[in-house]
Amino acid sequence: MSNQITSIAPRESSSRGFALAITAYLLWGFLPLYMKAVGHIPAVEVVAHRALWSVPIAALALFWAGRMGDLITALRTPRMLFMAVVTAAIISVNWGIYVWAIAVGRTVEAALGYYINPLFSVFLAALFLGERLKRAQLVAIGLAIIAVSILAWERGGLPWVSVALAVSWGFYAMFKRSLPIGPNQGFFLEVLIISVPALVYLIWIGMTGGSHFFGGPGGANPWLLAASGLVTAVPLLLYANGAKLLKLSTIGMMQYIAPSIVFLLAVFWFREPFTFTTLVAFLFIWAALVVFTASAFLSRRT
């Protein structure tokens with residue numbers, strides 16, 4: 001009887017982890033729909049509200065899990081607090097670029113950025129953490145460079161939205177590894193840090209008449225901006241709790257769900273321009289991801 005229980009429990013944990021993680025990736029995939037709804041609001045203001053409204057949700061999650069003590073420890077540790085300030089600054093930049101890109105009709109570039117991200121993270125690990133690149137990883141990175149070069153040639157310059165999103169998220173993930181607290185605690189600490197300048201900024205634009213919180217058609221802005229906390233915090237908390245219950249290879253396969261949905265929304269819902277040359281660039285990216293993912297999957301099986 002005890003053998004039955006121990007054999008079923010991991011399966012139940014895996015199923016629960018899969019459900020949590022897939023929900024997070026689906027929410028991230030459809031996030032551009034929300035970003036379009038707030039596209040008339042400046043990106044800085046949207047980012048400020050994302051941080052501010054995420055604080056109570058993240059706090060509630062920590063309180064429910066009984067992990068508020070970790071936050072107090074972090075606030076009392078200068079090195080940990082400094083690293084949290086660094087990651088908070090980087091994620092603010094990442095959010096700002098993403099919000100702006102969706103608003104101005106550059107969702108295709110945003111999708112490309114998150115396709116490139118895993119490859120850039122591997123490159124960063126080799127450059128700064130001394131991890132050795134495998135042949136397949138070098139091939140995948142080379143294919144990604146070709147894809148970016150094709151887009152740069154077509155558009156007369158780097159697809160800087162894609163590059164900036166990949167670079168900012170890559171450095172965010174790398175520095176996040178230096179933050180010796182759980183992902184939920186780390187997220188709460190980051191939004192708590194961002195919320196300080198965010199609150200100052202929102203008060204200032206409110207006093208100068210530039211706030212969109214109480215303006216807009218039908219009075220919808222307050223609800224839209226307040227919802228930014230939910231669309232920011234909920235997927236991340238779901239992912240953090242789901243990833244703990246899954247194998248790294250499973251998470252690696254699932255990470256392409258969100259940019260794929262973003263790509264499909266950009267082309268078929270937002271009707272953004274998608275030329276033959278852009279398609280060729282994406283074919284190189286998809287080939288790079290096939291090589292990269294297959295190599296990672298096979299290496300974990302051996």
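Heads up: numbering here begins at 1 and tracks the sequence. Model, not experiment: these values are computed from the prediction.
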Stepwise side chain to side chain contact (heavy atoms under 4.5 Å, CB included) test for Val108 and Phe270: CA-CA 10 Å; Val108 170; Phe270 301 153; over 6 Å; no
Would you call Tyr25 and Ile261 a side-chain contact if the rule is heavy atoms closer than 4.5 Å? no
Count I, L, V, M, F, W, Y as connected when their side-chain heavy atoms are under 4.5 Å apart, and connections chain through other members. Are Tyr115 and Leu124 then in the same cluster? yes
Separation between CD1 of Ile257 and CD1 of Ile22, rounded to the nearest 0.5 Å: 3.0 Å
With a cut-off of 6.0 Å (strictly less than), are more than 12 heavy atoms of other residues, nucleotides or ligands near CZ of Arg155? yes
Tell me whether the rings of Trp53 and His49 are parallel (<30°), tilted (30 to 60°) or perpendicular (>60°). parallel
Which distance, rounded to the nearest 0.5 Å, do you find between the CD1 of Ile57 and the OG1 of Thr232? 8.0 Å
Heavy-atom pair of closest approach, residues Ala24 and Pro235: CB-O, 3.3 Å
May I ask you to test the Arg106-Pro159 pair for a side-chain heavy-atom distance under 4.5 Å? no
For the pair Asn241 (side chain) and Leu237 (backbone), establish whether a donor and an acceptor sit closer than 3.5 Å, ignoring hydrogens and angles. yes
Between CD1 of Ile41 and CZ of Phe213, what distance do you get to the nearest 0.5 Å? 10.0 Å
For Ile150 and Phe284, run side chain to side chain contact (heavy atoms under 4.5 Å, CB included): C-alpha distance rounded to whole Å, both residues' side-chain angles, the deciding distance at 0.1 Å, then the answer. CA-CA 9 Å; Ile150 290 171; Phe284 274 100; 3.6 Å; yes
Distance col, row Ser228:OG vs Leu31:CG, nearest 0.5 angstrom, shows 10.5 Å
Report, one line per pair, each donor and acceptor closer than 3.5 Å where one atom sits in a side chain of residues 126-147; sequence neighbours left out.
residue	atom	partner	partner atom	Å
Gln137	OE1	Lys134	N	2.9

State whether the side chain of Ser168 and the backbone N or O of Leu165 hold a donor-acceptor pair below 3.5 Å, judged by distance alone. yes
Give the cluster check for Tyr114 versus Leu158: same hydrophobic cluster or not, with ILVMFWY residues linked at side-chain heavy-atom distances below 4.5 Å. yes
Flag the pair Trp28 / Tyr239 as yes when their ring centroid distance falls below 6.0 Å, and as no otherwise. yes
Sub-3.5 Å donor-acceptor pair from the side chain of Glu190 to the main-chain atoms of Ile91, do we have one? no
Report yes if some heavy atom in the side chain of Val280 is under 4.5 Å from a heavy atom in the side chain of Phe276; otherwise report no. yes
Report the residue from Leu264, Thr107, Leu33 that forms a side chain to side chain contact (heavy atoms under 4.5 Å, CB included) with Trp269. Leu33
Is a side-chain N or O of Ser195 found less than 3.5 angstrom from the main chain of Val191, in a donor-acceptor match? yes
Verify, without hydrogens or angle tests, whether Ser211 (side chain) and Met207 (backbone) share a donor-acceptor contact under 3.5 angstrom. no
With rounding to the nearest 0.5 Å, note down the distance linking CG in Leu245 to CZ in Phe18. 13.0 Å
Heavy-atom side-chain contact between Ile194 and Arg50 under 4.5 Å: no
Tell me whether the centres of the aromatic rings in Phe263 and Tyr256 are closer together than 6.0 Å. no
Aromatic ring centroids of Trp169 and Tyr172 under 6.0 Å? yes
Could you check Leu81 against Thr77 for side chain to side chain contact (heavy atoms under 4.5 Å, CB included), going step by step and ending with a plain yes or no? CA-CA 6 Å; Leu81 192 56; Thr77 308; over 6 Å; no
Quick check: closest heavy atoms across Leu246 and Ala21, and the distance to 0.1 Å? CD1-CB, 3.8 Å
Check whether Leu75 and Phe82 end up in the same hydrophobic cluster, where Ile, Leu, Val, Met, Phe, Trp and Tyr are linked by side-chain heavy atoms less than 4.5 Å apart. yes
Closest approach of Val167 to Phe120 (non-hydrogen atoms, all atoms of both residues): CA-CE2, 3.5 Å
Does Thr278 use its side chain to pair, donor to acceptor, with the backbone of Phe274 at less than 3.5 Å? no
Rounded to the nearest 0.5 Å, what's the gap from CE on Met80 to CG on Leu71? Could you check? 10.5 Å
With hydrophobic residues grouped by side-chain heavy-atom distances under 4.5 Å, do Val104 and Val47 end up in a single group? yes
Identify the two heavy atoms, one from Ile102 and one from Pro32, that lie closest to each other, and give their separation to 0.1 Å. CG2-O, 3.7 Å
Nearest heavy-atom contact between Ala110 and Val161 is N-CG1, 4.1 Å
Between Glu154 (side chain) and Thr277 (backbone), is there a donor-acceptor pair under 3.5 Å? no
May I have the step-by-step check of side chain to side chain contact (heavy atoms under 4.5 Å, CB included) for Phe188 and Gln185, ending in yes or no? CA-CA 5 Å; Phe188 181 36; Gln185 298 93 311; 5.8 Å; no
Which atoms form the tightest heavy-atom contact between Ala74 and Leu189, and what is the distance? CB-CD2, 3.8 Å
Any sub-3.5 Å donor-acceptor pair from Thr87's side-chain atoms to Ala84's backbone N or O? yes
hydrophobic_cluster_shared for Val231 and Val55, side chain cutoff 4.5 Å: yes
